[in-house]
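Quick notes on the structure that follows.
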Number of protein chains: 2
Amino acid sequence: MSHSQLGESYALTSVDVALPPMERFEEYLQAKGKRITQPRRILVEHVFSKHEHFDADALIEELAQRDAGPKRVSRPTVYRTLNELVEAGLLRKMDIGGRAVYEHDYGYPDHDHLYCTQCGKLSEFHSEELIRLRDAVGREQGFRVTGHKFIVNGTCQECQRKTRRQKRKVDLI
Amino acid sequence: MSHSQLGESYALTSVDVALPPMERFEEYLQAKGKRITQPRRILVEHVFSKHEHFDADALIEELAQRDAGPKRVSRPTVYRTLNELVEAGLLRKMDIGGRAVYEHDYGYPDHDHLYCTQCGKLSEFHSEELIRLRDAVGREQGFRVTGHKFIVNGTCQECQRKTRRQKRKVDLI
DNA sequence: GGCTTGTTGAGACTCTTTCCCAACAAGCAA
DNA sequence: TTGCTTGTTGGGAAAGAGTCTCAACAAGCC
């Protein structure tokens with residue numbers, strides 16, 4: 001397996017990390033007395049070869065397409081491995097409209113999301129102020145904060161333009 | 001049906017609203033050309049008789065217990081009506097760990113949640129600053145904000161105490 | 001190379017939510 | 001009030017996401 005390939009493509013958008021994802025995962029598996037198997041390798045390599053958000057179903061589909069023959073990974077294994085990757089801190093899981101969506105966590109800067117309710121696109125932003133606010137609220141309420149989920153709903157720029165165009169057409173009638 | 005009874009119990013924790021929930025819902029139904037039926041009345045009355053968070057299953061259960069005979073409401077109707085109540089702006093729906101949870105929206109002040117990952121308890125807080133921050137982020141990104149979901153995860157005070165007790169016991173061994 | 005034991009994959013299963021459709025009941029009109 | 005039209009209900013089946021079971025398999029150790 002080529003670590004360097006994975007490492008390099010990953011480095012494009014990553015903050016500094018000591019190890020490429022697969023090696024990081026191997027550490028985790030070793031620490032837990034779990035085995036480094038072929039399916040786990042295939043899945044991690046695939047997941048970290050690109051940066052989009054994805055869900056389990058899409059992943060199952062893609063793995064089926066890409067490696068139709070011997071390298072396919074079964075559905076239970078996809079779900080199992082995704083959970084392990086979340087446990088290991090390599091992926092982050094969130095649910096958007098009752099559906100589980102995953103994204104890179106390891107080596108990727110902390111951020112929150114803007115969710116366009118029209119086209120479903122997720123975009124990202126980061127705010128230190130939000131973290132400060134969150135921790136302040138926790139302190140006030142005697143709550144030990146370990147994390148948060150913040151999703152801003154609305155309409156993205158592109159969909160706003162579309163809607164305006166639509167509206168203009170209607171106005172002409 | 002007694003509006004005043006519903007209205008009074010509701011007023012205890014509400015901000016000012018023009019109408020009790022059932023009347024507000026009737027307006028919505030009328031506007032949509034929908035009918036004011038017995039099941040819808042029973043459900044709304046039950047849901048707005050208390051202020052806790054709840055899920056569809058608990059509601060089905062409670063309605064079955066409370067009105068075993070003719071006044072029970074079927075499962076499909078519970079789901080259908082919950083969706084209508086969300087549409088009408090009377091309830092807010094959120095998913096916590098992939099599970100749909102509902103809470104009062106109409107006449108209830110805006111707030112966000114602290115979620116204890118140990119006992120599952122939800123508590124509430126409000127922050128104007130968060131709203132400002134949210135809108136500022138939206139403006140920056142050319143995103144038209146319509147709402148948000150903010151859940152702070154962690155451990156509530158009670159569970160922190162429990163964990164400490166547990167820990168002390170272990171230390172004694 | 002052999003052996004132990006964690007892992008995989010097929011398929012069944014669970015859980016939540018929705019769909020289908022025949023029986024029913026709002027609400028309007030006469 | 002009665003009758004009629006049409007939206008609504010409830011039972012059961014079905015869909016969709018995710019998990020469980022278990023026999024066959026393959027890491028990793030000796």
Side-chain angles (χ1 to χ4, degrees), chain A residues 1 22-23 25-46 53-64 67-88 91 93-102, chain B residues 1 22 25-46 53-64 67-88 91 93-102 120:
Chain A
M1 196 196 40
M22 187 58 217
E23 286 189 26
F25 191 39
E26 287 179 9
E27 270 186 356
Y28 166 85
L29 291 172
Q30 235 133 34
K32 291 271 181 176
K34 296 183 163 190
R35 292 175 184 172
I36 300 165
T37 65
Q38 204 54 24
R40 293 212 249 242
R41 267 206 274 265
I42 294 170
L43 198 144
V44 171
E45 218 175 300
H46 183 86
H53 302 88
F54 64 94
D55 59 20
D57 218 46
L59 185 54
I60 291 166
E61 188 77 2
E62 285 168 27
L63 286 173
D67 308 302
K71 292 181 84 182
R72 66 179 292 287
V73 180
S74 70
R75 188 173 7 163
T77 299
V78 168
Y79 279 107
R80 276 187 296 238
T81 309
L82 284 175
N83 287 339
E84 288 165 348
L85 287 169
V86 170
E87 262 264 330
L91 289 182
K93 178 183 186 174
M94 33 185 185
D95 25 46
I96 307 252
R99 174 179 210 70
V101 175
Y102 297 85
Chain B
M1 199 195 42
M22 187 57 217
F25 191 40
E26 288 179 9
E27 271 187 358
Y28 166 84
L29 291 172
Q30 236 133 33
K32 291 270 179 180
K34 295 183 163 191
R35 293 177 181 169
I36 300 164
T37 64
Q38 205 53 27
R40 293 211 249 244
R41 267 206 273 265
I42 293 170
L43 198 144
V44 171
E45 217 174 301
H46 183 86
H53 302 90
F54 63 94
D55 59 20
D57 216 46
L59 185 53
I60 292 166
E61 188 78 1
E62 285 168 26
L63 287 173
D67 308 303
K71 292 181 84 181
R72 68 178 290 286
V73 180
S74 71
R75 193 181 347 182
T77 299
V78 168
Y79 279 105
R80 275 188 296 241
T81 309
L82 284 175
N83 287 338
E84 288 165 348
L85 287 169
V86 170
E87 262 264 329
L91 289 182
K93 178 182 185 174
M94 35 188 181
D95 23 44
I96 306 253
R99 175 182 209 71
V101 175
Y102 297 85

From the list Ile36(B), Ile42(B), Thr37(B), side-chain contact (heavy atoms from CB on, under 4.5 Å) partner of Arg40(B) resolves to Thr37(B)
- Task: Determine whether the side chains of Tyr28(B) and Glu84(B) contain a donor N or O and an acceptor N or O closer than 3.5 Å.
- Result: no
When the rotation axes relating C1' atoms of four end pairs to the next four are compared across the helix from dG1(C)-dC30(D) to dA30(C)-dT1(D), five pairs an end, they differ to 10° by 30°
As an exercise, state the distance from [atom1] of [X] to [atom2] of [Y], rounded to the nearest 0.5 Å.
| X | Y | atom1 | atom2 | answer |
| --- | --- | --- | --- | --- |
| Met22(A) | Glu26(A) | CE | CD | 4.0 Å |
| Glu87(B) | Leu82(B) | CD | CG | 13.0 Å |
| Phe25(B) | Glu45(B) | CZ | CD | 13.0 Å |
| Leu63(A) | His46(A) | CG | NE2 | 5.0 Å |
| Leu43(B) | Arg41(B) | CG | CZ | 13.0 Å |
| Lys93(A) | Asn83(A) | NZ | CG | 5.5 Å |

Report all interatomic pairs (protein N or O, nucleotide N or O of nucleotides 18-25 of chain D) with separations under 3.5 Å.
{"from": "dG18(D)", "atom 1": "OP2", "to": "Tyr79(A)", "atom 2": "OH", "distance (Å)": "2.7"}

Between Asp55(A) and Ala58(A), is there a donor-acceptor pair closer than 3.5 Å when you use the side chain of the first and the backbone of the second? yes
Report the distance from atom [atom1] of [X] to atom [atom2] of [N], rounded to the nearest whole Å.
| X | N | atom1 | atom2 | answer |
| --- | --- | --- | --- | --- |
| Ile42(A) | dA26(D) | CD1 | C1' | 13 Å |
| Arg72(A) | dT8(C) | CZ | P | 13 Å |
| Asp95(B) | dA17(D) | CG | P | 14 Å |
| Gln30(A) | dG6(C) | CD | C1' | 14 Å |
| Leu63(A) | dG9(C) | CG | C1' | 14 Å |

Look at [X] and [N] and indicate whether a side-chain polar atom (N or O) is within less than 4.0 Å of OP1 or OP2.
| X | N | result |
| --- | --- | --- |
| Thr77(B) | dG10(D) | yes |
| Thr37(A) | dA26(D) | no |
| Arg35(B) | dA25(C) | no |

_If you assign each of Gly33(A) and Ile36(B) to its closest nucleotide in DNA chain C, which residue comes earlier from the 5' end?_
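It is Gly33(A) whose nearest nucleotide is closer to the 5' end.
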